[in-house]
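Chain identifiers are assigned alphabetically (A, B, ...) following the order of the sequence lines, protein sequences preceding nucleic acid strands; residue numbering begins at 1 within each chain. Side-chain atoms are counted along with the backbone in the values below, which use heavy atoms only and exclude waters and symmetry mates.
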Amino acid sequence: MPKHYWIVKQEPEAYSWEDFRKDKSADWTGVRNYQARNHLRAMQSGDLVFFYHSMTEKSIVGIAKVIRTAFADPTAEEGDWSAVTLAPLTPLGVPVSLGQIKADSVLQKMALVRNSRLSVSPVLGLEFEQILKLSRTKHP
DNA sequence: GCCAACGTTGGC
DNA sequence: GCCAACGTTGGC
């Protein structure tokens, strides 16, 4: 059982869930924000990670898994930055939109909503379950 | 395309 | 150490 849950954001035009699925795994590099970096460093092997499409889609589209914990980001030319390796686990049955998240009493307090600019944020167990529940439910 | 929120930088 | 200016991100 994973101990922690996370959410990472990505512009689908830059690197989509579909790209990720084809690659089978991806090094999560390029994070240049200390808060986000610290979240990367706190990830443990087997932790589950929601994959969020920002900008054009604004929806959680899949679940990934941490398969390698934090290591020095090879793309960083200077500074103390970290990366992890993620692998796609499963797409969500129905993507969960930011609109749904904001309308949900459990989810509207999510770090994702409170700080929309943070590219890596923690997700509570309760929030994780609630998102899974929404992803199994069709909505108009 | 605009703007709000946030982070970073640099002058004092 | 404070704060104004600037840059970046992402929602609308």
*Asks:* Between A:Phe128 and A:Tyr5, what is the ring plane arrangement, given parallel below 30°, perpendicular above 60°, and tilted in between?
*Replies:*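 A:Phe128 and A:Tyr5: parallel rings.
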
*Asks:* Mind checking whether A:Tyr52 and A:Trp17 have side chains closer than 4.5 Å, heavy atoms only?
*Replies:*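 No, every pair of side-chain atoms sits at 4.5 Å or beyond.
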
*Asks:* Do A:Leu124 and A:Phe51 land in one hydrophobic cluster if side-chain heavy atoms of ILVMFWY residues count as linked below 4.5 Å?
*Replies:*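 They do not share one cluster, since no chain of ILVMFWY contacts under 4.5 Å joins A:Leu124 to A:Phe51.
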
*Asks:* Where does the chain A footprint on DNA chain C start and end, counting 5' to 3' with a 4.0 Å heavy-atom cut-off?
*Replies:*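 First and last nucleotides in contact are C:dG7 to C:dC12.
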
*Asks:* Angle between ring planes, A:His39 versus A:Trp6, binned at 30° and 60°: parallel, tilted or perpendicular?
*Replies:*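 Rings of A:His39 and A:Trp6: tilted, as their planes differ by 30° to 60°.
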
*Asks:* Just call it for A:Leu98: base, sugar-phosphate, or nothing, with non-hydrogen atoms closer than 4.0 Å on any strand.
*Replies:*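 Contact class for A:Leu98: sugar-phosphate only.
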
*Asks:* Going by number, which of residues 104-114 of chain A have a non-hydrogen atom under 4.0 Å from DNA chain B?
*Replies:*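 By residue number: A:Arg114.
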
*Asks:* List the atom pairs, donor and acceptor, that lie under 3.5 Å between side-chain atoms in residues 59-77 of chain A and the rest of the protein, sequence neighbours left out.
*Replies:*
{"unit_1": "A:Ser59", "atom_1": "OG", "unit_2": "A:Glu57", "atom_2": "O", "d": "3.1"}
{"unit_1": "A:Asp73", "atom_1": "OD1", "unit_2": "A:Thr75", "atom_2": "N", "d": "2.8"}
{"unit_1": "A:Asp73", "atom_1": "OD1", "unit_2": "A:Thr75", "atom_2": "OG1", "d": "2.7"}
{"unit_1": "A:Asp73", "atom_1": "OD2", "unit_2": "A:Gly30", "atom_2": "N", "d": "2.8"}
{"unit_1": "A:Asp73", "atom_1": "OD2", "unit_2": "A:Arg32", "atom_2": "NH1", "d": "2.9"}
{"unit_1": "A:Asp73", "atom_1": "OD2", "unit_2": "A:Thr75", "atom_2": "OG1", "d": "3.3"}
{"unit_1": "A:Thr75", "atom_1": "OG1", "unit_2": "A:Arg32", "atom_2": "NH2", "d": "3.2"}

*Asks:* Decide whether A:Val8 and A:Met55 are clustered together by the hydrophobic rule: side chain heavy atoms of Ile, Leu, Val, Met, Phe, Trp, Tyr closer than 4.5 Å, transitively.
*Replies:*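 No, no single cluster joins them.
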
*Asks:* Do A:Leu112 and A:Leu107 make a side-chain contact, defined as non-hydrogen atoms from C-beta onward lying under 4.5 Å apart?
*Replies:*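 Not touching, per the 4.5 Å side-chain cut-off.
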
*Asks:* Quick one: does A:Leu118's side chain get under 4.5 Å of A:Asn33's, heavy atoms only?
*Replies:*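 Yes, close enough: below the 4.5 Å cut-off.
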
